[in-house]
Amino acid sequence: MHDFVRRNGRLYCEGVDLEKAVSEFGTPLFVYSRNTLTGHFLKLKDAFREIDPLICYSVKANSNLAILKTLVQEGAGLDIVSGGELFRALKSGCPPEKIVYASVGKTDREIEEAVAGKILFFNVESEPEMERIGLIARKYGRRVKIALRINPDVEAKTHKFITTGKITNKFGIDLDNAARIIRLRAKYRSLDICGLHMHIGSQITEGEPFLAAINKVAGFARSLSADADIRYLNIGGGLGIIYDRENPQTALAFSRKVLPVLKKSGFKIIMEPGRFICGNAGILVSRVIYVKRTPLKKFIIVDAGMNDLIRPALYGAFHRIEPLKSMRGGLERADVVGPICESGDFLAKDRELPRFKQGDCLAVMSAGAYGFSMSSNYNSRPRAAEIMVRGNHAVLIRRREDYADLVRNEIVV
Ligand SMILES: *Cc1c(COP(=O)(O)O)cnc(C)c1O
């Protein structure tokens, strides 16, 4: 599961007492367990070892260089969605032939950088994009590999903001158009249409939507003429994790469900898990600034806000709240809120929580994915520090921003 465990009433990350980490690094603080991070990667790799897929960790879930490097050293490839992520991916030491690139809005500059960087392939989301990549490939005198991102029009059974495989979503190419493009492939001489890609959404807890989509895409592949020369099937990411009482498929259950059809397809399989790998490998530690009672409610006001972790505000997402030191005195209903001037600035709503006092620290659990990577400087708040724990040692992997960082690129005229 994960390496955030309670010993003698105190919360630890692996061998590190989090109260001690906080006294050294301050709050708000993202804490990652290296063991959990690599453990989840290896669990997935192991569950699919029969077909030895290329597992491209989805950089946007948590793009800290130390996290990327850790996974790359374990053999991961990377799934990127921007030029900035390509920059990070290469900087982390990822071999370019293990990088795949999706996004509906790749710019010329981004395409050029990825062509020059010799990534494995682009996951192409539209015909105009294909044409741009074709032109740029010609300019570089190269034949560039692409996979068509198929929009299989399946229900992912997750939050509507993180559903990406419905035909009303902006992502991918519908089956009819994909078939037409593949028929016309001779037109794109600088492109090698070598794969099919899908990514139907995020935090999907059941195997069924994946299977439905894979069946659709694999069926589509079978309908193509043999000389279409498709070699890769990229099944995307989206595996759900436990935030609260979810009961998501394990890596093993997932592989049991989809392995037969993947094996039968004969394609080299690629996966792009993000949340599954880092979601429960990280927490956000925050300190209570005030406890405020109004006629109707109790608010625990902490020093982390929606700028640090936007998932509750954005998706109504649930994160467990845990004290760093177990507390007596029973539970009381409260909201955990940040200091930001928005009513949407909450981390937890109407929860039965320990009676936190001013100065106490609490952990917002399962904050490793889409936590820091979605953070901002809203309200001119310097972004949090990040540390990685390995055994009994914690190391800083991103220093806390200071006020000077806030205005670094601003020009007074
Ligand atoms: C975001 C994204 C992923 C990763 O999604 P998770 O739900 O974090 O596993 C994979 N592939 C693509 C194309 C994405 O956009």
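Both counts, for ligands and for their atoms, begin at 1 and track the order of listing. Please read these numbers as outputs of a predicted model, since none were measured by experiment. Numbers here are sequence positions counted from 1.
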Given Thr107, Ile111, Val124, the one that forms side chain to side chain contact (heavy atoms under 4.5 Å, CB included) with Arg132: Ile111
Is the side chain of Arg7 donor-acceptor paired with the backbone N or O of Val5 at a distance under 3.5 Å, no angle test? no
Ion pair Arg408/Asp405, N-O distance below 4.0 Å: yes
Arg275 heavy atoms within 4.0 Å reach ligand 1 at atoms 6 (P), 8 (O), 9 (O)
Mind checking whether Ala369 has a heavy atom under 4.0 Å from ligand 1? no
If you have a sec, work out which protein heavy atom is nearest atom 1 (C) of ligand 1 and how many Å separate them, to one decimal? Lys60 NZ, 1.2 Å
Identity and separation of the nearest protein heavy atom to atom 10 (C) of ligand 1: Glu272 O, 3.1 Å
Would you call Met198 and Ile214 a side-chain contact if the rule is heavy atoms closer than 4.5 Å? yes
Numbered atoms of ligand 1 (with element) below 4.0 Å of Ser58, judged on heavy atoms: 1 (C), 2 (C), 3 (C), 4 (C), 10 (C)
Side chain or backbone of Asp79 under 4.0 Å from ligand 1, or both, or neither, by non-hydrogen atoms? side chain
Given Asn377, which partner from the list Asn307, Val407, Leu406 fulfils the side chain to side chain contact (heavy atoms under 4.5 Å, CB included) test? Leu406
Does any N/O atom on Gly238 come nearer than 3.5 Å to any N/O atom on ligand 1? yes
Side chain, backbone, both or neither: which part of Ser202 comes within less than 4.0 Å of ligand 1 when only heavy atoms are counted? both
Per-atom contacts, ligand 1 versus Pro273 - under 4.0 Å to a heavy atom: 9 (O)
If you measure from each non-hydrogen atom of Tyr370 to ligand 1, which part falls under 4.0 Å: side chain, backbone, both or neither? side chain
May I ask you to establish whether Arg143 and Tyr188 are in a cation-pi arrangement, using a distance under 6.0 Å from NZ or CZ to the six-membered ring centre and at most 45° from the ring axis? no
For ligand 1, does His199 get within less than 4.0 Å through its side chain, its backbone, both, or neither, judged by non-hydrogen atoms? side chain
Verdict with supporting geometry, Tyr32 and Phe372, side chain to side chain contact (heavy atoms under 4.5 Å, CB included): CA-CA 11 Å; Tyr32 308 114; Phe372 189 91; 3.8 Å; yes
For the 3.5 Å polar cut-off, considering only N or O atoms, please tell me whether Ala102 and ligand 1 meet it. no
Quick check with a 6.0 Å cut-off and a 45 degree axis cone: is Lys106 positioned over the face of Tyr101's six-membered ring? yes
